[in-house]
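Reckoned from all heavy atoms, side chains included, excluding hydrogens, waters and symmetry mates. Count residues from 1 along the sequence. Keep in mind the model is a prediction, meaning the values are calculated, not measured.
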Amino acid sequence: MPVWAEQARLDLGQVLGAMGHPEARRTLVAARDALAVLRSPRQDEAATALAALDQATTGR
């Protein structure tokens, strides 16, 4: 069950990021960290989404 919950958190973070919501970064960080602990293959996706969000918000 925890893997599903963290995958849902990742999906939520991606949606929040696409909407420009201020909670997007915090949600993606939590998902990335939890997915890494769970050794989920989606941890790379979370890291990529977080990097893309950071790049978009810093304008680089």
| Between R25 and V29, is any pair of side-chain heavy atoms under 4.5 Å apart? |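 Heavy-atom side-chain distance check passes, below 4.5 Å.
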| Roughly how far, to the nearest 0.5 Å, is the CG atom of L38 from the CG atom of D33? |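 Going from the CG atom of D33 to the CG atom of L38 covers 11.0 Å.
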| Going from OG on S40 to CD on Q7, what distance comes out if it is rounded to the nearest 0.5 angstrom? |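 Between atom OG of S40 and atom CD of Q7 there are 5.0 Å.
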| NZ/NE/NH1/NH2 to OD/OE distance under 4.0 Å, R42 and D11 |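 Yes, this pair counts.
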For [X] versus [Y], what's the shortest heavy-atom pair and its separation?
X   : Y   : result
A30 : R9  : CB-NH1, 3.6 Å
A24 : G17 : CB-N, 3.4 Å
L35 : V3  : CD2-O, 4.5 Å

| message | Using the rule given for side-chain contact (heavy atoms from CB on, under 4.5 Å), can you reason through L10 versus E6, listing the C-alpha separation, both sets of side-chain angles and the distance that settles it, and then say yes or no? | response | CA-CA 6 Å; L10 171 57; E6 296 311 325; over 6 Å; no
| message | Among R32, Q55, E45, which residue satisfies the side-chain contact (heavy atoms from CB on, under 4.5 Å) criterion with L50? | response |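 That would be R32.
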